[in-house]
Number of protein chains: 2
Amino acid sequence: MNTTISTSEWQIMRVIWTLGEATSNQIIRILCAETDWQPSTVKTLITRLIKKGIISHNGAARDRIYTATITEKVAMVDTLSTTLHEMCAMCVGDALVNALADTPLSQTDISHLQALLAKKSKTAPPTIACNCIPKGWEACHDDREKK
Amino acid sequence: MNTTISTSEWQIMRVIWTLGEATSNQIIRILCAETDWQPSTVKTLITRLIKKGIISHNGAARDRIYTATITEKVAMVDTLSTTLHEMCAMCVGDALVNALADTPLSQTDISHLQALLAKKSKTAPPTIACNCIPKGWEACHDDREKK
DNA sequence: TTTTTAAGTTTACAGTTGTAAACTATAGAT
DNA sequence: ATCTATAGTTTACAACTGTAAACTTAAAAA
């Protein structure tokens, strides 16, 4: 089961997660109002999400009720973690500072993040090594120099 | 100029960013050792990145030197911001706490993040509203109930 | 009962991505 | 001068995405 949610599919999921459960009619009405999609586009995306196993429905032949098979939180944490792990570990902290500067956070969010950081700082290393190229391969720099 | 960097292309970029500049030979040697890619795969990805304008090279016909046209930081912040904005604003904070729990951060990273959070907390609202469905559309819930 | 509406299914089609073989041409080795 | 290795270019091909029209069928309206 491919658990990758594409950008467009993500929109469908947000509606379903927020409403808890939804009919295609609801999803179509909401998303066609917010985006310039046609109803067909939403239908296609719903079908793909079903095929991917990310949503399911009560067996009705019509006016089905769709629900998510994974929680919003799991999907979000998963996506974020994947993105962060795709990047240079040494640079992630700095990038986060810059990305979060522009991200709305509530007082509660901030408190929770502060608590996490306080805890992490107890065991955090002074520096994180770059993990973009394996150690020893710095020798690659010499390749050109020897010419 | 399409500035989207795919997952595979990201690997190429990390090598170039880390070395500052690199020949295809270096990129191929490093990535073929780290992944199970063939040299051709790396060549294709380099070509695509050139076409996208994300890297460029000195005009040499052979043994070109490739460099990035955007900094690693810009690319990272951009990617992170895009990802965060794709998600429910109300849930982002919570997802971050969970994603960061598993992300290595240095003491310095943590200090910088703490400074940012301290600053943000001065003006942060008590809560962030869900922005998954437009206000007023909660009426969608009623659709099914009226049947 | 006939018509209309809309939910779900099929088909479409181009662009992106992952992955790579084959081909071309040239710089360096012999 | 000839050969060889390899850097760069072309071609390939399936899966995934974005976007949507067309078709089918059943429920609701007239």
Side-chain angles (χ1 to χ4, degrees), chain A residues 1-16 21-32 34-66 79 82-83 86 140 143-144 146-147, chain B residues 1-13 15-16 21-32 34-67 79 82-83 86 140 143-144 146-147:
Chain A
M1 152 167 113
N2 174 7
T3 315
T4 306
I5 302 173
S6 78
T7 298
S8 295
E9 289 164 354
W10 198 267
Q11 296 306 116
I12 310 282
M13 293 311 297
R14 286 179 66 178
V15 172
I16 294 176
E21 54 180 44
T23 62
S24 63
N25 176 262
Q26 291 176 298
I27 304 171
I28 286 171
R29 295 229 313 265
I30 290 174
L31 291 178
C32 288
E34 277 193 315
T35 70
D36 53 2
W37 287 348
Q38 295 309 121
S40 270
T41 302
V42 175
K43 291 180 190 175
T44 300
L45 293 171
I46 290 174
T47 300
R48 289 185 185 163
L49 285 164
I50 289 282
K51 190 166 303 171
K52 286 184 177 182
I54 296 167
I55 62 178
S56 63
H57 62 79
N58 67 331
R62 238 184 128 73
D63 300 298
R64 288 173 185 162
I65 299 186
Y66 297 93
T79 299
T82 298
T83 299
E86 200 159 280
C140 286
D143 288 351
R144 291 201 313 285
K146 82 164 181 244
K147 293 196 176 183
Chain B
M1 151 166 111
N2 173 8
T3 315
T4 306
I5 302 173
S6 78
T7 298
S8 294
E9 289 164 354
W10 198 268
Q11 295 306 116
I12 310 283
M13 293 311 296
V15 172
I16 294 176
E21 53 179 44
T23 61
S24 63
N25 175 262
Q26 291 177 297
I27 304 171
I28 286 171
R29 296 230 311 266
I30 290 174
L31 290 179
C32 289
E34 275 193 317
T35 70
D36 53 3
W37 287 348
Q38 295 309 119
S40 270
T41 301
V42 175
K43 291 180 189 176
T44 299
L45 294 171
I46 290 174
T47 300
R48 290 185 185 163
L49 285 164
I50 287 281
K51 190 166 303 171
K52 287 185 178 183
I54 296 167
I55 62 177
S56 63
H57 62 78
N58 67 330
R62 239 184 127 74
D63 299 298
R64 289 174 186 161
I65 299 186
Y66 297 93
T67 50
T79 298
T82 298
T83 299
E86 201 160 279
C140 287
D143 289 351
R144 291 200 313 284
K146 81 165 183 242
K147 294 198 177 182

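Per chain, numbering begins at 1; letters A, B, ... match sequence-line order.
Spacing between atom CH2 of B:Trp10 and atom C1' of C:dT16 amounts to 17 Å, rounded to whole angstrom units. For the pair A:Gln26 CD and C:dA7 P, the interatomic distance rounds to 11 Å; values are reported in whole Å. Rounded to a whole Å, the NE2 atom of B:His57 is 8 Å from the P atom of D:dG8. Between A:Ile28 atom CD1 and C:dT9 atom C1' there is a gap of 13 Å when expressed in whole angstrom units. When rounded to the nearest whole Å, the span between CD1 of B:Ile50 and C1' of D:dT10 equals 16 Å. Between the CD atom of A:Gln38 and the C1' atom of D:dG18 there is a distance of 13 Å, given to the nearest Å. Straight-line distance from the NZ atom of B:Lys52 to the C1' atom of C:dG18: 12 Å, rounded to whole Å. Atom CG in A:Leu31 sits about 14 Å away from atom C1' in D:dG18, given to the nearest Å.
Put simply, OG on A:Ser24 and CD1 on A:Ile65 are 11.0 Å apart, with the number rounded to the nearest 0.5 Å. Here the CG-CD1 distance, from A:Leu45 to A:Ile5, works out to 12.0 Å after rounding to the nearest 0.5 Å. The line from OG1 of A:Thr23 to CD1 of A:Ile16 is 10.0 Å long, rounded to the nearest 0.5 Å. Distance check: A:Glu9 CD to A:Thr4 OG1 gives 9.0 Å after rounding to the nearest 0.5 Å. Interatomic distance, CD1 of B:Ile28 versus CD of B:Gln38, reported as 10.5 Å (0.5 Å rounding).
Remark: the backbone N or O of A:Leu31 is not paired with any side-chain donor or acceptor of A:Glu34 at under 3.5 angstrom. Proximity of a side-chain donor or acceptor of A:Arg64 to a complementary backbone N or O of A:Ala60 within less than 3.5 Å is detected. No donor-acceptor pair under 3.5 Å is formed between the side chain of A:Gln11 and the backbone N or O of A:Ser8.
Taking only side-chain nitrogens and oxygens, A:Ser8 never comes nearer than 4.0 Å to OP1 or OP2 of D:dT17. Residue A:Asn25 places at least one side-chain N or O under 4.0 Å from the OP1 or OP2 atom of C:dA7. Here B:Lys51 does not reach the OP1 or OP2 of C:dG15: none of its side-chain N or O atoms lies under 4.0 Å away. OP1 or OP2 of D:dT17 has not a single side-chain nitrogen or oxygen of A:Thr7 nearer than 4.0 Å. One finds no side-chain N or O of B:Tyr66 lying less than 4.0 angstrom from the OP1 or OP2 phosphate oxygen of D:dA7. For D:dT9, one of the phosphate oxygens OP1 or OP2 lies less than 4.0 angstrom from a side-chain nitrogen or oxygen of B:Arg64.
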Could you pull out the protein-nucleic contacts involving nucleotides 2-5 of chain C (nitrogen or oxygen on both sides, under 3.5 Å)?
none

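Proximity of residues 40-49 of chain B to DNA chain D (heavy atom under 4.0 angstrom from any strand atom) is restricted to B:Lys43, B:Arg48.
The side chain of B:Ser24 sits closest to D:dA7 out of D:dT17, D:dG18, D:dA7. Distances were taken from every side-chain heavy atom of B:Ser6 (C-beta onward) to each of C:dT17, D:dG8, C:dA7; the shortest belongs to C:dT17.
Listed by chain and residue number, nothing satisfies the side-chain contact (heavy atoms from CB on, under 4.5 Å) test with A:Thr47 (two or more places apart in sequence, or in another chain).
Counting all heavy atoms, side chain and backbone alike, B:Ile27 lies closest to B:Val42 at CG2-CG1, 3.7 Å.
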